[in-house]
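Shown next, in structure tokens, is the structure this report addresses.
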Amino acid sequence: EMDFYGGFKKELIAEGFASDFGVLQYYYNQTGQNYAGNMVNPNTTEIYAAQNYTFGPVTGFLKFSYALSNTFGFANSTGSSYLDLTGNYDTGFWGITANAHVGMQRIAGQYYTSEQATYSYTDWKLGLTKDFGGGLSLAAAYVGTNVKQGSGGSYAYYSPTGRNLGGQTGIVSLTKTF
């Protein structure tokens with residue numbers, strides 16, 4: 001996967017409120033098969049608009065992305081969207097920041113009955129990040145989705161062995177920014 005992006009970011013409203021507009025291109029060097037065995041092109045082009053905010057120790061953003069092409073290989077999915085609300089709170093305690101996120105992915109052109117799994121979902125994250133300085137940070141988070149199960153136990157997002165990939169889990173990461 002190669003990701004290309006370009007955009008414009010500037011404090012248009014006031015200091016601490018950066019507006020961000022741009023284009024994202026997710027490029028894959030091959031075509032794959034979807035779950036029905038059809039050949040699909042997973043390349044995706046999106047436009048987005050985001051509003052960043054700062055209120056003292058609270059920072060974050062609200063971002064809306066809109067697909068100008070089919071989304072990651074889903075047929076007839078032009079017009080899919082993702083809404084992202086992210087917030088961080090600097091606790092003022094040992095360089096620890098509390099993190100929260102909720103996102104809603106809507107895959108256009110995918111219509112299902114209540115008996116079928118759907119590709120649209122909501123995801124979330126609750127976590128803590130410790131900044132050690134010098135670009136080094138440690139994070140721990142609990143993340144999950146509401147990916148639905150269809151009749152017969154099938155999931156919209158699943159591994160080749162049939163395992164649901166849309167569940168909940170904990171993540172720990174150590175990151176160094178250069």
Side-chain angles (χ1 to χ4, degrees), residues 1-3 5 24-46 48 50 58-67 69-91 96-131 136-177:
E1 174 182 311
M2 291 185 286
D3 300 339
Y5 54 92
L24 300 165
Q25 171 67 51
Y26 303 95
Y27 174 77
Y28 301 88
N29 66 353
Q30 61 187 14
T31 298
Q33 289 186 349
N34 66 11
Y35 295 114
N38 300 320
M39 297 304 287
V40 295
N41 180 345
N43 298 340
T44 303
T45 303
E46 294 179 338
Y48 71 87
V58 178
T59 62
F61 60 88
L62 176 64
K63 180 179 181 180
F64 179 75
S65 300
Y66 181 84
S69 64
N70 283 335
T71 303
F72 301 111
F74 288 100
N76 304 314
S77 62
T78 298
S80 294
S81 61
Y82 187 73
L83 184 62
D84 179 347
L85 177 61
T86 296
N88 301 295
Y89 174 71
D90 181 352
T91 66
I96 294 175
T97 300
N99 319 114
H101 155 84
V102 64
M104 295 186 324
Q105 174 72 63
R106 186 188 64 79
I107 302 294
Q110 308 296 316
Y111 303 103
Y112 300 93
T113 67
S114 61
E115 296 293 312
Q116 295 175 300
T118 178
Y119 293 107
S120 297
Y121 62 88
T122 299
D123 64 273
W124 51 267
K125 168 189 162 184
L126 291 173
L128 297 171
T129 303
K130 165 66 174 145
D131 184 359
L136 185 65
S137 63
L138 177 68
Y142 192 65
V143 299
T145 72
N146 70 341
V147 167
K148 303 226 179 348
Q149 179 178 343
S151 62
S154 66
Y155 290 96
Y157 296 94
Y158 58 91
S159 71
T161 61
R163 182 173 168 261
N164 177 16
L165 297 177
Q168 292 81 38
T169 192
I171 298 173
V172 176
S173 62
L174 181 62
T175 306
K176 172 66 175 162
T177 304

Over all atoms of both residues, closest heavy-atom pair of F74 and I107: CG-CG2, 4.0 Å
Crowding at OH, Y5 (>12 non-hydrogen neighbours, <6.0 Å): no
What one should report as the nearest heavy-atom pair of V147 and Y121 is CG2-CB, 4.0 Å
Quick check: closest heavy atoms across E46 and A67, and the distance to 0.1 Å? CG-CA, 4.1 Å
To the nearest 0.5 Å, what is the distance between CG (L136) and NZ (K130)? 10.0 Å
As an exercise, state the distance from CG of L85 to CE of M104, rounded to the nearest 0.5 Å. 10.0 Å
Quick one: ring pair (Phe, Tyr, Trp, His ring centres under 6.0 Å) partners of F61, sequence neighbours excluded? none
For S69, all residues meeting side-chain contact (heavy atoms from CB on, under 4.5 Å), sequence neighbours excluded: T44, T45
Provide the full list of side-chain hydrogen bond (donor to acceptor under 3.5 Å, both in side chains) pairs with a residue in residues 96-105, sequence neighbours left out, each pair given once. Y82-H101, D84-H101, T86-H101, N88-N99, N99-T129, H101-D123
Passes side-chain contact (heavy atoms from CB on, under 4.5 Å), N43 versus N70? Steps please. CA-CA 8 Å; N43 298 340; N70 283 335; over 6 Å; no
Tightest non-hydrogen contact, residues S65 and Y48, listed as OG-CB, 3.7 Å
Check T169 against Y142 and note the closest heavy-atom contact, atom names and distance. O-CD1, 3.4 Å
Is it the case that more than 12 heavy atoms not belonging to N146 sit under 6.0 Å from its CG atom? yes
Do V102 and T122 come within less than 4.5 Å of each other through their side chains, counting heavy atoms only? yes
Checking R106 side chain against L83 main chain: does a donor-acceptor pair fall under 3.5 Å? no
Do L128 and L138 have side chains that get closer than 4.5 Å, going by heavy atoms? no
Nearest heavy-atom neighbours spanning S77 and T71: OG-N, 2.6 Å
